[in-house]
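Order of the sequence lines fixes the chain letters, A, B, ..., with proteins taken first and strands second; residue numbering starts at 1 for each chain.
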There are 2 protein chains.
Amino acid sequence: MTTTSDVPHLTFGNLDEAIAELRRQGLRLSTVRRLILQALFAADGPVSAEYVARDLTLDVASVYRNLETMERHGLVRHVHLGHGPGLYALVGGGEHEYLFCERCGAVRVLSPSELDPVRTGIKQRFGYTASFTHFPIVGMCADCDDVHSRSPAQM
Amino acid sequence: MTTTSDVPHLTFGNLDEAIAELRRQGLRLSTVRRLILQALFAADGPVSAEYVARDLTLDVASVYRNLETMERHGLVRHVHLGHGPGLYALVGGGEHEYLFCERCGAVRVLSPSELDPVRTGIKQRFGYTASFTHFPIVGMCADCDDVHSRSPAQM
DNA sequence: ATACTTGCAAATGATTTGCCAGTGT
DNA sequence: ACACTGGCAAATCATTTGCAAGTAT
């Protein structure tokens with residue numbers, strides 16, 4: 001599986017901005033919260049609560065609780081790429097919509113503007129204002145499409 | 001919450017066709033399987049395993065097992081509309097892609113051709129061949145968009 | 001007759017909640 | 001000081017698996 005987002009996950013310019021926002025939201029800055037933000041900031045894509053907890057030797061429950069709190073306050077967001085746990089990422093600067101290849105697992109992270117033309121088409125045809133932040137656009141990436149049409153072997 | 005699919009969920013022309021396909025797949029027709037197919041056929045949209053089990057007084061495990069088997073054989077498919085259990089529907093004639101309003105819960109069921117223009121746009125821009133059968137297009141339906149822009153009250 | 005299916009119980013994975021001790025402001 | 005937060009245990013929800021008895025072909 002290839003991750004097409006070579007650019008490190010764009011979020012707040014730096015950790016301090018995220019922390020500032022957290023305070024602006026009236027949230028306390030606990031050690032655990034700082035650690036979680038650091039972890040999300042360092043990650044090169046969305047990660048599971050379990051991963052964060054294990055990585056930092058924190059209780060998963062605390063991690064879930066904090067992610068949920070920070071999500072309610074707009075600092076964090078989670079996606080579902082297929083089955084398995086939800087994956088969390090910092091909200092911030094740029095990218096938070098997803099294309100997911102169900103064959104190889106490739107995740108392409110996009111900034112909203114990149115999907116605006118698609119969104120416009122959907123709005124015009126169906127009247128829905130679509131968002132691909134919580135569920136990705138699922139499909140087959142170009143590489144897998146090729147492989148797939150060359151070899152008749154089904155997935 | 002409004003279900004925009006007024007037309008009964010299109011699948012196989014009738015139950016017998018689904019059963020014929022089941023046999024063609026080398027699967028046995030047990031009482032439980034017939035009941036499940038009937039239930040899916042009668043439903044006006046995708047339903048949870050739990051719902052089917054409760055409705056028919058069957059064990060959820062059996063229902064899951066059968067749905068999974070039939071899904072592997074292409075008779076059935078499941079979607080995730082938000083959190084909560086997966087929702088199952090018969091595959092067949094027509095409609096099995098979804099638009100889901102995350103505000104009011106409205107589900108609009110579409111046949112693939114209706115989303116082909118959207119798919120084409122995605123293919124051209126990103127090289128992905130998208131499918132909205134497993135995850136819907138999530139967004140805000142026209143009604144909710146209106147309400148939302150009129151009243152500043154957030155969801 | 002044989003292989004596949006069933007219900008029931010128990011296991012698993014993801015996430016949530018209750019509770020009391022500890023910490024941020 | 002006081003309200004919020006952390007860890008730990010237990011609960012909950014969705015789904016899966018093991019197993020012995022029952023059923024379809």
Check your understanding: For DNA chain D, what string of dots and brackets results from 5' to 3' when Watson-Crick and G-U pairs need both distances under 3.5 Å, crossing pairs get [ ], and pairs with another strand get |?
Key -> ||||||||||.|||.||||||||||
Review point. So what does A:Leu58 touch, heavy atoms closer than 4.0 Å: a base, only the sugar-phosphate, or nothing?
Key: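 Contact class for A:Leu58: sugar-phosphate only.
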Exercise for review: Looking at every strand, decide which applies to B:Thr31 at a 4.0 Å heavy-atom threshold: base, sugar-phosphate, or nothing.
Suggested key: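 Counting heavy atoms under 4.0 Å across all strands, the contact made by B:Thr31 is with sugar-phosphate only.
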Exercise for review: Give a yes/no on whether any side-chain N or O of B:Ser62 is located under 4.0 angstrom from OP1 or OP2 of C:dG7.
Suggested key: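 Result: yes.
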Review point. Under 4.0 Å: is that the gap between some side-chain N or O of A:Ser30 and OP1 or OP2 of D:dG6?
Key: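 Yes, within the criterion.
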Within the structure provided, determine whether [X] and [Y] are in side-chain contact (heavy-atom separation under 4.5 Å).
X: A:His134; Y: B:Val138; answer: no
X: A:Thr133; Y: A:Val91; answer: no
X: A:Leu67; Y: A:Leu40; answer: yes

Check your understanding: Okay, side chain of A:Arg33, backbone of A:Met70: is any donor-acceptor separation there less than 3.5 Å?
Key ->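 No, because the side chain of A:Arg33 does not come within donor-acceptor range (under 3.5 Å) of the backbone of A:Met70.
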Review point. A:Arg119 side chain to A:Pro112 main-chain N or O, any donor-acceptor pair under 3.5 Å?
Key: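 Side chain of A:Arg119 to backbone of A:Pro112: a pair is present.
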Measure from the side-chain heavy atoms of [X] and tell me the nearest of [options].
X: B:Arg28; options: C:dT5, D:dC8, C:dA14; value: C:dT5
X: A:Ala61; options: D:dA9, D:dG6, C:dT5; value: D:dA9
X: B:Arg23; options: C:dT16, C:dT25, D:dA24; value: D:dA24
X: A:Leu29; options: C:dC8, C:dT15, C:dT25; value: C:dT25
X: B:Arg65; options: D:dT16, D:dC8, D:dG18; value: D:dG18
X: B:Tyr64; options: C:dG7, D:dT15, C:dT15; value: D:dT15

What is the distance, to the nearest angstrom, from the [atom1] atom on [X] to the [atom2] atom on [N]?
X: B:Arg54; N: D:dA14; atom1: CZ; atom2: P; value: 11 Å
X: A:Met70; N: D:dC4; atom1: CE; atom2: P; value: 17 Å
X: B:His83; N: C:dA14; atom1: NE2; atom2: C1'; value: 11 Å
X: A:Leu87; N: C:dT15; atom1: CG; atom2: C1'; value: 14 Å
X: A:Gln25; N: D:dT5; atom1: CD; atom2: C1'; value: 18 Å
X: A:Asn66; N: D:dT5; atom1: CG; atom2: P; value: 8 Å
X: B:Asp59; N: D:dT17; atom1: CG; atom2: C1'; value: 12 Å
X: A:His78; N: C:dA14; atom1: NE2; atom2: C1'; value: 11 Å

Check your understanding: Can you say whether the rings of B:His78 and B:Tyr88 are parallel (under 30°), tilted (30 to 60°) or perpendicular (over 60°)?
Key ->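 Rings of B:His78 and B:Tyr88: tilted, as their planes differ by 30° to 60°.
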**Study point:** B:Glu68 with B:Arg65: basic N within carboxylate O range, under 4.0 Å
**Key:**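 B:Arg65 and B:Glu68: not salt-bridged.
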Exercise for review: Please identify each residue that fulfils salt bridge (charged side-chain N to carboxylate O under 4.0 Å, His left out) with B:Asp59, with sequence neighbours left out.
Suggested key: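 Once residues adjacent in sequence are excluded, B:Asp59 has no partner under the salt bridge (charged side-chain N to carboxylate O under 4.0 Å, His left out) criterion.
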